[in-house]
Engineer: 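Would you mind keeping the following structure in view while I ask a few things?
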Amino acid sequence: MNTFIDVLTAIFLLVGATMSLAAAIGLLRFPDLLSRMHAATKPQVLGLLLMLAALGLQMQAWSLLPILLVAWLFQLLTVPVSAHMVGRAGYRTKHRRPELLSVDELDQVVAAAVDDAKD
């Protein structure tokens, strides 16, 4: 049984590390802020979940489970909010590449808000 848990832990650690590495490479390689946000949030959350699952499996203690769940839930709750705030700040400060967007749904909304502010 311990061999099975060790193998499962190793698989979770390797896949989690690979997901985190993919997020890091995406941060370095993607061309603009919005693409980098995507790379930084999605694989990183799954990578952390796998790492925490591996830790829980290896420790084999039920008392550790709530702590690991809370750590993952905080990550799950804060990553979208922080990505939204970074994206919003980047959009408003023109740190984006409009030629890479297929649809800019915020352009009309921002233009209408600017027009309303002038009136």
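The model shown is predicted, which means the values in this text are computed figures rather than measured ones. Positions are given from 1 along the sequence.
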Engineer: Decide whether L46 and L73 are clustered together by the hydrophobic rule: side chain heavy atoms of Ile, Leu, Val, Met, Phe, Trp, Tyr closer than 4.5 Å, transitively.
Structural biologist: yes
Engineer: How many angstroms lie between atom CZ of F30 and atom NE2 of H38, to the nearest 0.5 angstrom?
Structural biologist: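 With rounding to 0.5 Å, CZ (F30) is 6.5 Å from NE2 (H38).
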Engineer: Would you give the length of the straight line joining atom CG of L49 to atom CH2 of W72, rounded to the nearest 0.5 angstrom?
Structural biologist: 5.0 Å
Engineer: In a table with atom names and distances, give each donor-acceptor pair under 3.5 Å that connects a side chain of residues 20-27 to protein atoms at least two apart or in another chain.
Structural biologist:
unit_1 : atom_1 : unit_2 : atom_2 : d
S20    : OG     : G16    : O      : 3.1

Engineer: Which other residues end up in the same hydrophobic cluster as L13, if Ile, Leu, Val, Met, Phe, Trp and Tyr are linked when side-chain heavy atoms come under 4.5 Å apart?
Structural biologist: M51
Engineer: For D107 and Y91, work out which heavy atoms get closest and say how close.
Structural biologist: N-OH, 3.1 Å
Engineer: CG/L8 to CD/Q58 distance, rounded to the nearest 0.5 angstrom?
Structural biologist: 10.0 Å
Engineer: Measuring from atom CG of L57 to atom CD1 of I11, what distance do you get when rounded to the nearest 0.5 angstrom?
Structural biologist: 10.5 Å
Engineer: Please table the atom pairs, donor to acceptor, closer than 3.5 Å between any side-chain atom in residues 59-68 and protein atoms at least two apart or in another chain.
Structural biologist:
none

Engineer: How many angstroms lie between CE in M37 and NZ in K42, if you round to the nearest 0.5 Å?
Structural biologist: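 Here the interatomic distance stands at 9.5 Å.
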Engineer: Please identify each residue that fulfils side-chain hydrogen bond (donor to acceptor under 3.5 Å, both in side chains) with D32, with sequence neighbours left out.
Structural biologist: S35
Engineer: Rounded to the nearest 0.5 Å, what separates atom NZ in K94 from atom CG in L33?
Structural biologist: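 So the gap between those two atoms works out to 14.0 Å.
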Engineer: If Ile, Leu, Val, Met, Phe, Trp and Tyr residues are connected whenever their side-chain heavy atoms lie under 4.5 Å apart, and connections chain through other members, are V7 and F12 in the same group?
Structural biologist: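 V7 and F12: one cluster.
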Engineer: Checking one residue: V70. Which other hydrophobic residues are in its cluster under the side-chain 4.5 Å linking rule?
Structural biologist: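 F74, all in the cluster of V70.
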Engineer: Mind checking salt bridge (charged side-chain N to carboxylate O under 4.0 Å, His left out) for D6 and listing every partner two or more places apart, or none if nothing turns up?
Structural biologist: none
Engineer: Taking all atoms of both residues into account, what is the closest heavy-atom pair of P80 and L76, and its distance?
Structural biologist: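 Heavy atoms only, the tightest pair is CD-O, 3.1 Å.
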Engineer: Side chains of R36 and R29: does their closest heavy-atom pair fall under 4.5 Å?
Structural biologist: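 Side chain of R36 against side chain of R29, heavy atoms only: no contact under 4.5 Å found.
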Engineer: If I compare all heavy atoms of L52 with all of A71, which pair ends up nearest, and what's the gap?
Structural biologist: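 For L52 and A71, the tightest heavy-atom pair comes out as CD1-CB, 4.2 Å.
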Engineer: Hydrophobic clusters here meaning ILVMFWY residues chained together by side-chain heavy-atom distances under 4.5 Å, can you tell me if L55 and F4 are in one?
Structural biologist: yes
